[in-house]
2 protein chains.
Amino acid sequence: MNVKTMCLGVLSIGEATGYEIKKQLEGPFHHFYQASFGAIYPALSALLADGLVSVREEPQDGKPDKKIYALSETGRAALLAELSRPPGPDRVRSEFLAQMVFVELLADDLVADFVATRLEHYETQLAGLRGIDPDRLPPGRRFALGYGLAVYEAGNAYLRANRHLLDDAARTAPARDAAD
Amino acid sequence: MNVKTMCLGVLSIGEATGYEIKKQLEGPFHHFYQASFGAIYPALSALLADGLVSVREEPQDGKPDKKIYALSETGRAALLAELSRPPGPDRVRSEFLAQMVFVELLADDLVADFVATRLEHYETQLAGLRGIDPDRLPPGRRFALGYGLAVYEAGNAYLRANRHLLDDAARTAPARDAAD
DNA sequence: GAACGATATATCGGATTGATATATCAATTC
DNA sequence: GAATTGATATATCAATCCGATATATCGTTC
C-alpha cells in the first residue's frame, strides 16, 4: 500500500490536513505504517491533481494556513479498489535488531545503553497504545490496536528475558577490565 | 542502518556474493532487515570504490561468474563505527494490517481470503525460523532468531484469537446475501 | 536572546524499491 | 517438444520515499 492509498484511507475516516495525516501515522498507526512529510505532501498533491481528493484552505492566526483535504467519490472508489488487492509482504527494518546481530563486535557499555533505550521505547509505545480506548474504535482499528499491543508486549518480554545473551556476548572494554 | 552497513555486517561473518547477501536477508535476517538487489549491488560497488571491501571473480560453468566480496580492515573499522552509533527507529510497513484497518469497506470473502493467506504466511515464516538450530549460532544471531519466533508467534496467536473482529466487520456481498 | 517544541506547509538530494534485463541450466507443465 | 518456471548470478532504471531542511508564528525553557 503506497502513501497515496494510505492518505485516501485516513481521509475516509474524516477530512484532515497533511500534518494531521502525519500525526495519525505517528500515533495509533505507527506500529504498522509510517510515512514522511516528503512522501505525504507530494501524495496529496497527486491525489488532488487526479481528482481523488478536494481541498479547502483555512487561514489561522499565528500559524500557517491549514489545507484541509477531503475524500471525493472518485477517491472513495479508488481506495476501495486498492484495498481489495491482496496485501503485499511486510516491510521491516529494525536497526536495533540488526545491530544486536553483531553484538560481539560492540563494547558492553554501549550494548547496555542500547538495550536500556530499547526497553524504554517499548514502554513508551505500549503506554501510548494502552491509552487508547478500544471500545471507541471501529473493529478494524480495534484489531490493529490489539495487534500492536500483542507484538510490542512479546518483543518487550523477549528482550527482558534474553538480554543476558547480549550482555554476556558484548566486548569487555579494556578500561573496564582494568577497573574490575 | 543503511544497506552498505548491512553488507559490511554480513561480510564480517564471511566472504559472500551479492546474491548470497540477498539470500541471507531473505532467510534468517528477513524478520528484521530487508533490502533489494537494486540497493545491494550499488552498495557493494560503493564499498569497493571506498576500499571497505575487496572482490575476486570466480568463473562458473552454466551460471554467471561469481563476484566474491570480502571485508577489508578499513571496512571492519567502518562497520564497528557504524554499529556503535545508537540505533534509529524501526521502520515498518504492513500492508495486511493497514488494509485490515479499513476492513468495513471490504467484502467478506476478500477478508477471509486475506486472513487465510496471512495465517499461512505466519506458519511459513515460523517453520523457516524453527528450522534453524540456535545452538549453532553466535549469541547475537541466536537472540535475533528468538526475537523473530516470539514476535511471529504473538502475531499468529493474536490473529487466530481475534479474526472474528475482521470477519464480523467485513461487508456482506450482495450476491452472498441472496444465497443466504 | 537563543534554543526548543508545536502547529502547518513544502522541497530536495540521496537511498531504496520493484520490475526488468541478461545468461545458463534443470525441472516441470502443457 | 516447446514453453514456462525456478535457481544461480550480475546489473540497471523509473518511481517512490526518507531525512533533512526551509519557512512562518507562537509559547516555553535555559
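Any value given below was found using the heavy atoms of this structure, including those in side chains, with hydrogens, waters and symmetry copies removed. First the proteins, then the strands, lettered A, B, ... as listed; each starts at 1.
Across all strands shown, A:Gln34 has heavy atoms under 4.0 Å from sugar-phosphate atoms exclusively, and none from any base. Here B:Thr17 lies in heavy-atom contact (under 4.0 Å) with sugar-phosphate atoms only. Residue B:Lys22 is out of contact with every strand shown, counting any heavy-atom pair closer than 4.0 Å.
Nearest-nucleotide positions on DNA chain D for B:Pro89 and B:Lys66 put B:Lys66 closer to the 5' end. DNA chain D is contacted by both B:Arg91 and B:Glu20; B:Glu20 maps to the nucleotide lying nearer its 5′ end (nearest heavy atom per residue).
Exactly one residue among B:Glu20, B:Glu26, B:Gln24 makes a side chain to side chain donor-acceptor pair (under 3.5 Å) with B:Lys22. That residue is B:Glu26. Screening B:His30, B:Arg118, B:His121 for a side chain to side chain donor-acceptor pair (under 3.5 Å) involving A:Asp90 leaves a single residue, B:Arg118.
In summary, the aromatic rings of A:Phe29 and A:Tyr33 are positioned with their centroids too far apart to meet the 6.0 Å limit.
If you measure from atom CE of A:Met1 to atom P of D:dT16, you get 16 Å, rounded to the nearest angstrom. A straight line from NZ of A:Lys4 to C1' of C:dT17 spans 16 Å, rounded to a whole angstrom. For the pair B:Glu82 CD and C:dA15 P, the interatomic distance rounds to 12 Å; values are reported in whole Å. Atoms CD (B:Gln60) and C1' (D:dA7) sit 12 Å apart, rounded to a whole Å. Residue A:Ile21 contributes atom CD1, which lies 13 Å from atom P of C:dA8 at whole-angstrom precision. For the pair A:Glu26 CD and C:dT7 P, the interatomic distance rounds to 10 Å; values are reported in whole Å. For the pair B:Tyr33 OH and C:dA15 C1', the interatomic distance rounds to 10 Å; values are reported in whole Å. Whole-Å rounding puts the A:His30 NE2 to D:dC18 P distance at 12 Å.
Out of D:dA7, D:dG19, C:dA8, the shortest distance to the side chain of B:Tyr19 is found at D:dA7.
A salt bridge is defined here as a Lys NZ or Arg NE, NH1 or NH2 lying under 4.0 Å from an Asp or Glu carboxylate O, and A:Lys67 with A:Glu58 fails to meet this definition.
Of the side-chain N and O atoms in A:Arg93, none sit less than 4.0 angstrom from OP1 or OP2 of C:dA15. Residue B:Lys67 places at least one side-chain N or O under 4.0 Å from the OP1 or OP2 atom of D:dA11.
A:Tyr122 OH to A:Thr117 OG1: the interatomic distance, rounded to the nearest 0.5 Å, is 12.5 Å. Here A:Phe32 contributes atom CZ and A:Leu145 contributes atom CG; the two are 9.5 Å apart, rounded to the nearest 0.5 Å.
Scanning residues 37-50 of chain A for heavy-atom distances under 4.0 Å to DNA chain D yields A:Gly38, A:Ala39.
Taking the six-membered ring where the residue is Trp, A:Tyr147 and B:Tyr158 present perpendicular rings, their angle passing 60° and hence far from 30°.
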